[in-house]
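One structure below.
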Amino acid sequence: MKLATWNVNSLKVRLPQVIDWLHAHQPDMLCLQETKLTDNNFPQDEIAEAGYQSVFTGQKTYNGVAILSKKKAEEVLTAIPDFEDEQKRVIAATFGEFRIICIYVPNGEAVGSEKYDYKLKWLPALAEWLQAELKTYPKLAVLGDYNIAPDDRDVYDSKLWEGKVLCSQAERDAFGNLLNLGLMDSFRLFDQPEKTYSWWDYRMLAFRRNRGLRIDHILLSKKLADNCVTCHIDKATRKLERPSDHAPVIAELSL
DNA sequence: ATGGTAGAGGATCTA
């Protein structure tokens, strides 16, 4: 089984790239973030032509998440239960014995801002929900844009970013709390090349200089982590014409 | 010191 996640920063713009990517990589499930599409505008038919079904929840201009899959999604949830949130940031679905959760964690803008406070309220709500999901579904994967670089290895210049949004201790603690539920960062199950990142700012030639952060992650429950054989980031997509600022993360499981 | 680029939508907001 191959699982992947990609923040596409507008599915309207990136649809041809997503279709090409599906054909080339044939994931069982691909989680998308920042689709920026209302549900009535979701390109279900084009994706179906590539051999994938879609479940999605979106809004105009901002946010929006989806799961594309070869098999039919069941038990679909499009919000964190009992958490007031107008922003479309989560979708969960069951595929046989596997539970797949796609998340788009708030960016947080800057430490101390209102958006940062929202991020730090959002993450514990996510954790509480995932704790319940893990009890129901032992074979659980949580994929998405976490907007958190878990440690200094995940930041091109950790001194420059120290304490800043995406890297602050409170955010890293919140990420640690997700791991403490019994989830593992699939990328760190394996030896990885140094300076591997998943996001590069569009500005200041950041990609060319490899000034990136690893903020997109695939977390796996123990039962899935035990069967994970690889995890890598597909940096090649960032070199395409009109790229997303994020690259896909892919995990393969011997299941 | 605090820009710079991209997307959506049609002036700014978000990232």
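Note that the coordinates shown come from a computational prediction; the quantities given were computed from them, not determined experimentally. Chain letters run A, B, ... following the sequence lines, proteins first, then strands; residues in each count from 1.
Salt bridge status for A:R172 with A:D152: present, with a side-chain N to carboxylate O gap under 4.0 Å. By the 4.0 Å N-to-carboxylate-O rule, A:D157 lies too far from A:K164 to be salt-bridged with it. Note on A:D226 versus A:K222: salt bridge recorded, some NZ/NE/NH1/NH2 to OD/OE distance being below 4.0 Å.
Mapping A:R14 and A:N63 onto DNA chain B by nearest heavy atom places A:R14 at the nucleotide closer to the 5' end.
In this structure, A:Y62 atom OH and B:dA6 atom P are separated by 18 Å, rounded to whole Å. B:dA15 atom P lies 6 Å from atom NZ of A:K115, rounded to whole Å. Distance CD (A:E109) to C1' (B:dT12): 14 Å, rounded to an integer number of Å. Atom P of nucleotide B:dA6 and atom CG of A:N107 are separated by 18 Å, given to the nearest angstrom. Atom pair A:E34:CD and B:dA8:C1' shows a separation of 11 Å (rounding to whole Å applied). Nucleotide B:dA6 holds its P atom 13 Å from the CD atom of A:Q17, rounded to whole Å. As a whole-Å value, the separation of A:R238 CZ from B:dA6 C1' is 10 Å. Residue A:Q59 contributes atom CD, which lies 15 Å from atom C1' of B:dG9 at whole-angstrom precision.
Between B:dT2 and B:dA6, the distance separating the two P atoms is 23 Å to the nearest Å. For B:dG3 and B:dA15, the C1' atoms lie 15 Å apart once the distance is rounded to whole Å. Atom name C1', nucleotides B:dT14 and B:dG9: the rounded distance is 13 Å, in whole Å. B:dT5 and B:dA1 have their P atoms separated by 23 Å, given to the nearest Å.
A:H217 pairs in a ring-ring contact (aromatic ring centres under 6.0 Å, His included) with only one of the listed residues (A:Y197, A:Y146, A:F187), which is A:Y146. Just one residue in the list A:F56, A:Y52, A:F95 forms a side chain to side chain contact (heavy atoms under 4.5 Å, CB included) with A:I67, and that residue is A:F95.
In this structure, CG in A:D82 is found 12.0 Å from CH2 in A:W129, a value given to the nearest 0.5 Å.
Of the candidates B:dG7, B:dG9, B:dA8, B:dA8 carries the atom nearest the A:K12 side chain, counting heavy atoms from C-beta on.
Considering only side-chain N and O atoms, A:S10 lies under 4.0 angstrom from the phosphate OP1 or OP2 of B:dA8.
DNA chain B lies under 4.0 Å from at least one heavy atom of each of the following residues of residues 202-219 of chain A: A:Y202, A:R203, A:M204.
Using bins of under 30°, 30° to 60° and over 60° for the plane-to-plane angle, the ring pair A:F207/A:W200 lands in the perpendicular bin.
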